Each structure stands twice: as C-alpha cells, then as structure tokens.
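Report on the structure given below.
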Amino acid sequence: MFLETERLFLRELTADDFSDLFAILSDPETMRHYPKPFDQAKVLYWIDWNRENYRVFGFGLWAVTLKETGELIGDCGITMQNIDGQIKPEIGYHIRRDHWRKGYASEAARKCRDWLFENTPFQMVYSYCKYTNTASGATALANGMRFVGEFENEADKISKVFAISRDEWEGLHDA
C-alpha cells in the first residue's frame, strides 16, 4: 500500500520504523489523551498489530512520511474500532509534536477517508477521540466529518464521535 498527497507519502509500517515511531508514541505530550505514553513493547505491538490489520483487512495505520525528506513524522490510517459497542472503521492519526499545526494530520486523514470510500464498501467512516482532545476533533471536522455523538468508555471517560457518510463524501466532490 502506498498513498500520496501533496506533501506526504503514506506507506505500510515496518519493523525499521520502530525508532521513529517510538519517539512519537512515547512522547507524553503527544500521548496525553491516551491512558499513558507507549513503552518499547507497546510500540513493537503497535507495528505488529498494524501489519496484521494490513493482512486481514487490507488497511491499518500507515507511516506518514514527508515527501521532501522521507522523514517519518507519524501514523495515520483506518482501523476497526469499538465505537459505543459496535465495530466500525475509524480514521486515526498521531503526528510528531514538532509537526503539529501544519495541516499534516488533516491532509493524511483526508487521503485515508478518500481511500476508504474508493476501495471498500463501507458507507460511513468515523473518528473518535477523548472529549478533551479538541485538536483531533477539529481535524475530523476539517475533513468533512460532523459530530454525531459521544459515549462513555473506560479509557477516555467520554469519547466524542465524528463521521462522514459515503453520500456526504460524494457531495464534497460535487461542491
């Protein structure tokens, strides 16, 4: 799998991405909306889990790299998540802190949204985040999603849910 945007390449994660991904997922500020930053074992699991997702579903979280340098600055992609008791396709992302507020998460997430509707039969795609994670909520809104509700869960206390339907996505292209 290889996706391209104006400024980014998205590709499958490999074991060689461990150091770069560990720097992102172990950062307390980047992971403040998670129960805790990832340790080395959790990052290794994260890579393996995504590689299994590629095999089973044909998608997962992909490495986000800068076109200009090839530098890995995060991950973004689609995973099947439990959203209020139902398994649904969800777009998630982590971008290295020194690259925040440059539009990379939105750019990568838009590409993943488009890929999902162009390559799968799903009629809806979601993003969810801890209720305090306003940046992730803003990214979802910037990608044409709308707030559809919230639910309680153990990890986040309250998660906000955003979604866009296939029809709404098609309407973005007609506008």
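Being a predicted model, the structure only gives us computed values, none of them experimental. The figures that follow rest on heavy atoms only: side chains count, while hydrogens, waters and symmetry mates do not.
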Closer than 3.5 angstrom, by distance alone: can the side chain of [X] be matched with the main-chain N or O of [Y] as a donor-acceptor pair?
{"X": "T79", "Y": "Q81", "answer": "no"}
{"X": "E90", "Y": "Y128", "answer": "yes"}
{"X": "Y104", "Y": "L8", "answer": "no"}
{"X": "T5", "Y": "A108", "answer": "no"}
{"X": "D17", "Y": "T14", "answer": "yes"}
{"X": "E118", "Y": "L116", "answer": "no"}
{"X": "Y93", "Y": "S136", "answer": "yes"}
{"X": "Y54", "Y": "L61", "answer": "yes"}
{"X": "N143", "Y": "T139", "answer": "yes"}
{"X": "T65", "Y": "F9", "answer": "yes"}

Exercise: do Y131 and E150 side chains pair donor with acceptor under 3.5 Å:
no
Could you tell me which non-hydrogen atom of [X] sits nearest to which non-hydrogen atom of [Y], and how far apart they are?
{"X": "A163", "Y": "M124", "answer": "CB-SD, 3.8 Å"}
{"X": "R51", "Y": "L13", "answer": "NH1-O, 2.7 Å"}
{"X": "V125", "Y": "M145", "answer": "O-CE, 3.7 Å"}
{"X": "R11", "Y": "F2", "answer": "CB-CD1, 4.2 Å"}
{"X": "D39", "Y": "F22", "answer": "C-CE1, 3.7 Å"}
{"X": "A142", "Y": "S106", "answer": "CB-OG, 4.0 Å"}

Checking side-chain hydrogen bond (donor to acceptor under 3.5 Å, both in side chains) against Y34, which of K130, K42, H94 comes through?
H94
Got a second to check how far [X]'s [atom1] is from [Y]'s [atom2], nearest 0.5 Å?
{"X": "E71", "Y": "D20", "atom1": "CD", "atom2": "CG", "result": "7.5 Å"}
{"X": "F117", "Y": "Q123", "atom1": "CZ", "atom2": "CD", "result": "7.5 Å"}
{"X": "W46", "Y": "L44", "atom1": "CH2", "atom2": "CG", "result": "13.5 Å"}
{"X": "E12", "Y": "N50", "atom1": "CD", "atom2": "CG", "result": "9.5 Å"}
{"X": "I95", "Y": "R101", "atom1": "CD1", "atom2": "CZ", "result": "12.5 Å"}
{"X": "E170", "Y": "S165", "atom1": "CD", "atom2": "OG", "result": "8.5 Å"}

Between I24 and F38, is there a side-chain heavy-atom distance shorter than 4.5 Å?
no
Any non-hydrogen side-chain atom of Y126 less than 4.5 Å from a side-chain atom of Q86?
no
I would like to know whether V64 and H99 meet side-chain contact (heavy atoms from CB on, under 4.5 Å); could you show each step before the answer?
CA-CA 11 Å; V64 176; H99 288 287; over 6 Å; no
For atom CD of E29, is the number of surrounding heavy atoms from other residues, nucleotides or ligands below 6.0 Å larger than 12?
yes
Same cluster for [X] and [Y] if Ile/Leu/Val/Met/Phe/Trp/Tyr side chains link at under 4.5 Å?
{"X": "I83", "Y": "W49", "result": "no"}
{"X": "M80", "Y": "I47", "result": "yes"}
{"X": "F57", "Y": "I91", "result": "yes"}
{"X": "V148", "Y": "I164", "result": "no"}
{"X": "I78", "Y": "V56", "result": "yes"}

Using the ring of each side chain (for Trp, its six-membered ring), is F162 parallel, tilted or perpendicular to F147, with breaks at 30° and 60°?
perpendicular
Before you tell me yes or no, could you show the steps for Q40 and F18 under side-chain contact (heavy atoms from CB on, under 4.5 Å), namely the whole-Å CA-CA distance, both residues' side-chain angles and the distance that decides it to 0.1 Å?
CA-CA 9 Å; Q40 290 183 349; F18 171 80; 3.8 Å; yes
Apply side-chain contact (heavy atoms from CB on, under 4.5 Å) to the pair R96 and T30, showing each step before the final yes or no.
CA-CA 7 Å; R96 200 174 69 208; T30 299; 6.0 Å; no
Do NZ/NE/NH1/NH2 and the carboxylate oxygens of R110 and E107 come within less than 4.0 Å?
no
Candidate pair L10 and W115, rule side-chain contact (heavy atoms from CB on, under 4.5 Å), full reasoning
CA-CA 11 Å; L10 283 72; W115 183 91; over 6 Å; no
